[in-house]
Amino acid sequence: MNSAHDLGGMQGFGPVVPEPVKPVFHEEWEGKVLALVLSMAVAVKWNLDKSRHARESLPPPQYLTSSYYQIWWAALEKLMVREKLATAEELETGKMVTPPLPIAGALKAEDVPRVLRNGGPCDRPIDEPAAFNVGDQVSVRNFHPMGHTRAPRYLRGHQGEIIAAHGGFVFPDSNAEDAGENPKWLYTVRFSAQELWGDEARAGDRIMADLWEPYLEKK
């Protein structure tokens, strides 16, 4: 979906200014939010794309005025209410008023290093042949889905070149909607900066993006 989260390459927001010092967490509560989000993913088994979509679909004024972990917390509350794990009243008061639902599992302290080390691989076997080959000229479809997508707005409608094919990967657009992993071919596509931003971009600069096959059309 087109929302406030999709700012990469968009005009009017100024340059990205990196922090001179990059602490893991700026405040102690941020670490607790990360722990809660990871724990709930194990307990309830909602997937990464569903979590991303919950963050993306926050109201733009809330999204743009919140810090990174404030957005994570707001999305977790949203998912918990949607999955009937808590009510808005319980989240507001901190007091349980409805019986707890059974959960799929629990993340134990001794399992945390293994879970973080292994991550959540998204590569999957795929029987469909690749529609594109390295060297093919492609363009990104100019589409505006209502749900989750990993096709950035600033790439849509622009032409690039396939420089790598990575095999099958979970398709985030369907996975976020509980419509199955539906693996699709994933490619790295190279774009010239001037193709994306015109003659004001520096000649010779290139942008690489990993894009799923349904996002692409052959030129």
Side-chain angles (χ1 to χ4, degrees), residues 1-44 46-80 91 107-123 140 148-156 160 163-164 166 169-170 172 175-176 186-194 196-197 200-202 204-212 215:
M1 64 183 290
N2 297 334
S3 188
H5 73 283
D6 190 3
L7 299 180
M10 306 300 288
Q11 64 180 4
F13 290 91
V16 174
V17 180
E19 294 181 85
V21 178
K22 299 178 180 178
V24 176
F25 301 112
H26 292 81
E27 303 286 347
E28 183 180 354
W29 64 266
E30 295 178 333
K32 294 179 179 178
V33 169
L34 174 61
L36 285 167
V37 170
L38 293 176
S39 299
M40 290 302 295
V42 173
V44 186
W46 50 54
N47 62 59
L48 174 63
D49 297 306
K50 197 169 183 177
S51 296
R52 280 192 175 127
H53 186 43
R55 295 194 284 271
E56 295 166 358
S57 56
L58 293 173
Q62 181 181 8
Y63 191 97
L64 293 172
T65 56
S66 298
S67 69
Y68 183 77
Y69 282 108
Q70 284 174 333
I71 292 171
W72 276 47
W73 176 247
L76 179 60
E77 288 187 324
K78 184 175 182 177
L79 285 169
M80 291 178 66
L91 292 173
L107 181 61
K108 299 179 180 177
E110 59 267 30
D111 294 330
V112 170
R114 175 183 56 78
V115 169
L116 292 179
R117 184 173 58 250
N118 293 342
C122 294
D123 54 322
V140 181
H148 176 66
T149 188
R150 301 282 286 167
R153 272 183 295 173
Y154 75 96
L155 296 179
R156 297 177 203 166
I163 62 169
H166 301 290
F169 278 75
V170 173
N175 201 37
L186 181 69
Y187 305 90
T188 297
V189 184
R190 180 172 57 204
F191 303 85
S192 77
Q194 290 188 333
L196 300 178
W197 297 300
E200 292 184 358
R202 190 167 59 186
D205 281 0
R206 299 288 185 268
I207 305 295
M208 266 70 76
D210 288 339
L211 298 167
W212 277 262
Y215 302 157

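Positions are given from 1, in the same order as the sequence printed here.
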Colleague: Write down the atom of P113, the atom of E110, and the distance for their closest heavy-atom approach.
Modeller: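 Reported closest heavy-atom pair: CD-O, 3.7 Å.
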Colleague: The criterion is side-chain contact (heavy atoms from CB on, under 4.5 Å); which residues satisfy it with R114, sequence neighbours excluded?
Modeller: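 With neighbours one apart ignored, the set is D111, R117, N118.
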Colleague: For E56, does its backbone N or O pair with a side-chain atom of S3 as donor and acceptor, under 3.5 Å?
Modeller: yes
Colleague: Tell me, which pairs form a salt bridge (Lys or Arg N to Asp or Glu O under 4.0 Å) where one or both residues lie in residues 64-78, sequence neighbours left out?
Modeller: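 Pairs touching residues 64-78 that pass the test: none.
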Colleague: Just jot down the side-chain contact (heavy atoms from CB on, under 4.5 Å) partners of K22, sequence neighbours excluded, or say none.
Modeller: E19
Colleague: Using a 3.5 Å cut-off and no angle test, enumerate the donor-acceptor pairs between side-chain atoms of residues 27-36 and protein atoms at least two apart in sequence or in another chain.
Modeller:
unit_1 : atom_1 : unit_2 : atom_2 : d
E30    : OE1    : H26    : N      : 2.6
E30    : OE1    : E27    : N      : 3.2

Colleague: Within 45° of the six-membered ring axis of W72 and under 6.0 Å from that ring's centre, is NZ or CZ of R55 located there?
Modeller: yes
Colleague: What residues form a side-chain hydrogen bond (donor to acceptor under 3.5 Å, both in side chains) with D210, not counting sequence neighbours?
Modeller: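 For D210 the side-chain hydrogen bond (donor to acceptor under 3.5 Å, both in side chains) partners, ignoring immediate neighbours, are T188.
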Colleague: Listing request: all salt bridge (Lys or Arg N to Asp or Glu O under 4.0 Å) pairs with a residue in residues 3-16, at least two apart in sequence or in separate chains.
Modeller: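 Listed once each, the pairs are D6-R153.
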Colleague: Please report the closest heavy-atom contact between V170 and P172, naming both atoms and the distance.
Modeller: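 So the two residues come closest at O-CD, 3.2 Å.
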Colleague: Can you find a heavy atom in the side chain of S39 that is under 4.5 Å from one in the side chain of V37?
Modeller: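 A side-chain contact is absent here, since even the closest heavy-atom pair is not under 4.5 Å.
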Colleague: Test your reading of the model: is there a side-chain donor-acceptor pair from N47 to the backbone of N175, 3.5 Å cut-off?
Modeller: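 A pair under 3.5 Å: yes.
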Colleague: Identify the two heavy atoms, one from H148 and one from A176, that lie closest to each other, and give their separation to 0.1 Å.
Modeller: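 Smallest heavy-atom distance, with atoms named: CB-CB, 3.5 Å.
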Colleague: Of all residues at least two apart in sequence or in a different chain, which pass the side-chain contact (heavy atoms from CB on, under 4.5 Å) check with R190?
Modeller: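 So R190 forms a side-chain contact (heavy atoms from CB on, under 4.5 Å) with E161, I163, R206, M208.
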Colleague: Which residues pass the side-chain hydrogen bond (donor to acceptor under 3.5 Å, both in side chains) test with H5, not counting sequence neighbours?
Modeller: none
Colleague: Would you say the side chain of W212 lies within less than 4.5 Å of the side chain of R150, judging by non-hydrogen atoms?
Modeller: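 R150 reaches W212 side chain to side chain.
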Colleague: Would you be so kind as to tabulate the donor-acceptor pairs closer than 3.5 Å made by side chains of residues 58-65, with sequence neighbours excluded?
Modeller:
unit_1 : atom_1 : unit_2 : atom_2 : d
T65    : OG1    : P61    : O      : 2.6
T65    : OG1    : Q62    : O      : 3.4

Colleague: Report yes or no: do N2 and R156 form a side-chain donor-acceptor pair below 3.5 Å?
Modeller: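 Yes, side-chain donor-acceptor contact under 3.5 Å.
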Colleague: Determine the minimum heavy-atom distance between S57 and A54, stating which atoms define it.
Modeller: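 Reported closest heavy-atom pair: OG-O, 3.3 Å.
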Colleague: The criterion is side-chain hydrogen bond (donor to acceptor under 3.5 Å, both in side chains); which residues satisfy it with Q194, sequence neighbours excluded?
Modeller: none
Colleague: Test of understanding: with ring pair (Phe, Tyr, Trp, His ring centres under 6.0 Å), list the residues that count as partners of W197, not counting sequence neighbours.
Modeller: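 Y154.
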Colleague: Is there side-chain contact between L79 and S51, with at least one heavy-atom pair below 4.5 Å?
Modeller: yes
Colleague: What heavy-atom pair brings L211 and A151 nearest, and what distance separates the two atoms?
Modeller: CD2-CA, 4.4 Å
Colleague: What closest approach, in Å, do L107 and V115 show between heavy atoms, and which atom pair accounts for it?
Modeller: CD1-CG2, 3.7 Å
Colleague: With sequence neighbours excluded, tell me which residues meet ring pair (Phe, Tyr, Trp, His ring centres under 6.0 Å) with Y215.
Modeller: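 By the ring pair (Phe, Tyr, Trp, His ring centres under 6.0 Å) rule, Y215 matches F143, F171.
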Colleague: Got a second to check how far L38's CG is from L116's CG, nearest 0.5 Å?
Modeller: 6.0 Å
